[in-house]
Student: 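Structure provided below as C-alpha cells; questions to follow.
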Amino acid sequence: MSADRIALKGLRARGRHGVLAAERELGQEFVVDATLFLDTAPAAAGDDLTKTVHYGELAQALTDVVEGEPVELIETLAQRLAEVCLASELVHKVEVSVHKPAAPIPLPFDDVVVTIERRRA
C-alpha cells in the first residue's frame with residue numbers, strides 16, 4: 001500500500017453534538033482534521049482529478065456531517081466522519097481527529113480531541 005496522504009486540517013463547522021442539553025440547543029464549533037491514505041501516483045501520472053480524492057468535495061461532505069444529525073459523543077462523530085472518508089474506494093486508511101475546543105469543562109484547557117484510525121475492510 002502507498003504511503004501517500006491527503007490531509008485536510010482545521011475544517012471548522014458548527015454542530016449540536018454533546019451530552020448536555022445546552023450543547024444541543026446552542027451548538028458550538030467543532031474542528032476536524034482528516035488524513036486519507038491512498039496511492040496518488042495514478043492521479044499524478046495523468047494529472048487526473050478522477051483518480052484521487054477531491055478535497056473540496058470532501059470538505060463539504062465532512063461539514064455536512066458535523067452540521068447534521070446530533071450525537072452525544074465526539075467518538076461517534078469521528079466514526080461518521082471516517083465513514084465519509086472511506087466512501088471513496090481509493091482510500092485504504094483514514095485518520096480523523098475531532099476537536100471540541102469549547103467543551104463544557106469548568107477548568108482551564110486548550111482543547112479536547114478524539115482521534116481515530118480506520119481501515120477499509
Side-chain angles (χ1 to χ4, degrees):
M1 287 191 208
S2 173
D4 300 345
R5 296 181 296 277
I6 294 175
L8 177 60
K9 305 264 184 199
L11 180 65
R12 299 178 188 287
R14 191 160 184 84
R16 297 180 179 273
H17 311 287
V19 175
L20 303 178
E23 293 178 291
R24 297 278 182 130
E25 278 180 44
L26 302 173
Q28 61 190 288
E29 182 179 69
F30 292 84
V31 182
V32 175
D33 301 326
T35 302
L36 286 61
F37 294 79
L38 68 158
D39 184 2
T40 63
D47 199 28
D48 186 349
L49 179 60
T50 66
K51 294 183 179 177
T52 189
V53 173
H54 188 303
Y55 48 79
E57 291 176 359
L58 175 65
Q60 186 60 61
L62 296 175
T63 297
D64 291 346
V65 171
V66 174
E67 293 176 346
E69 181 185 347
V71 296
E72 290 189 355
L73 302 178
I74 58 175
E75 291 86 346
T76 305
L77 181 58
Q79 177 64 39
R80 289 182 178 180
L81 295 166
E83 290 168 1
V84 167
C85 295
L86 288 169
S88 169
E89 293 181 8
L90 299 171
V91 178
H92 57 82
K93 181 173 86 170
V94 64
E95 181 179 281
V96 173
S97 295
V98 177
H99 302 257
K100 189 174 180 179
I105 299 173
L107 299 165
F109 72 99
D110 289 331
D111 200 2
V112 173
V113 184
V114 168
T115 300
I116 66 170
E117 181 180 292
R118 298 292 183 264
R119 296 177 188 274
R120 180 167 301 291

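Below, all heavy atoms of this structure are taken into account, side chains as well, without hydrogens, waters or symmetry copies.
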Student: Could you see if Val98 belongs to whatever hydrophobic cluster contains Leu86? Use Ile, Leu, Val, Met, Phe, Trp, Tyr and a side-chain cutoff under 4.5 Å.
Tutor: yes

Student: For Ala61 and Val84, work out which heavy atoms get closest and say how close.
Tutor: CB-CG1, 3.7 Å

Student: When you compare the side chain of Lys9 with that of Val31, does any pair of heavy atoms fall below 4.5 Å?
Tutor: no

Student: List the steps, then state whether side chain to side chain donor-acceptor pair (under 3.5 Å) holds for Glu75 with Gln79.
Tutor: CA-CA 6 Å; Glu75 291 86 346; Gln79 177 64 39; over 6 Å; no

Student: Rounded to the nearest 0.5 Å, how far does CD of Glu25 lie from CZ of Arg16?
Tutor: 8.5 Å

Student: Of the non-hydrogen atoms in Val113 and Ser97, which two are nearest, and what is the gap between them?
Tutor: CG1-CB, 3.9 Å

Student: Among Val32, Leu11, Asp33, which residue meets the side-chain contact (heavy atoms from CB on, under 4.5 Å) test with His99?
Tutor: Asp33

Student: Quick one: NE2 on His92 to CG on Asp4, what's the gap to the nearest 0.5 Å?
Tutor: 8.0 Å

Student: Pick from Leu62, Thr76, Val94: which one makes a side-chain contact (heavy atoms from CB on, under 4.5 Å) with Leu81?
Tutor: Leu62

Student: In Å and rounded to the nearest 0.5 Å, what is the CD1 to CG distance from Ile105 to Asp111?
Tutor: 9.5 Å

Student: Shared ILVMFWY cluster between Ile6 and Leu49, side chains joined below 4.5 angstrom?
Tutor: no

Student: Determine whether a donor-acceptor pair (N or O, by modelled atom type, separation under 3.5 Å) exists between the side chain of Arg14 and the backbone of Gly27.
Tutor: yes

Student: State, to 0.1 Å, how close Phe109 and Lys100 come at their nearest heavy-atom pair, and which atoms those are.
Tutor: CE1-O, 4.2 Å

Student: For Cys85 and Leu58, work out which heavy atoms get closest and say how close.
Tutor: SG-CD1, 4.0 Å

Student: Using the rule that two of Ile, Leu, Val, Met, Phe, Trp, Tyr join whenever any of their side-chain heavy atoms come within less than 4.5 Å, decide whether Val66 and Val112 are in one cluster.
Tutor: yes

Student: Considering non-hydrogen atoms only, spot the tightest contact between Leu90 and Thr50 and give its length.
Tutor: CD1-O, 4.4 Å

Student: Check for me, please, whether Leu8 and Leu38 land in the same ILVMFWY cluster - side-chain distances under 4.5 Å, paths through other members count.
Tutor: yes

Student: Quick check: closest heavy atoms across Pro104 and Glu23, and the distance to 0.1 Å?
Tutor: CD-OE2, 3.2 Å

Student: Between Gln28 and His17, is any pair of side-chain heavy atoms under 4.5 Å apart?
Tutor: no

Student: Would a distance-only check, ignoring hydrogens and angles, find a side-chain to backbone donor-acceptor pair under 3.5 Å from Arg120 to Val91?
Tutor: yes

Student: Tell me, do Glu69 and Arg80 make a side-chain contact under 4.5 Å, heavy atoms counted?
Tutor: yes

Student: Hey, is Lys93 close enough to Glu95 for a salt bridge, meaning N to O under 4.0 Å?
Tutor: no

Student: Is it the case that over 12 heavy atoms from other parts of the model lie below 6.0 angstrom from the CG atom of Asp48?
Tutor: yes

Student: Within the side chain of Arg119, is there an N or O that forms a donor-acceptor pair under 3.5 Å with the backbone of Glu117?
Tutor: no

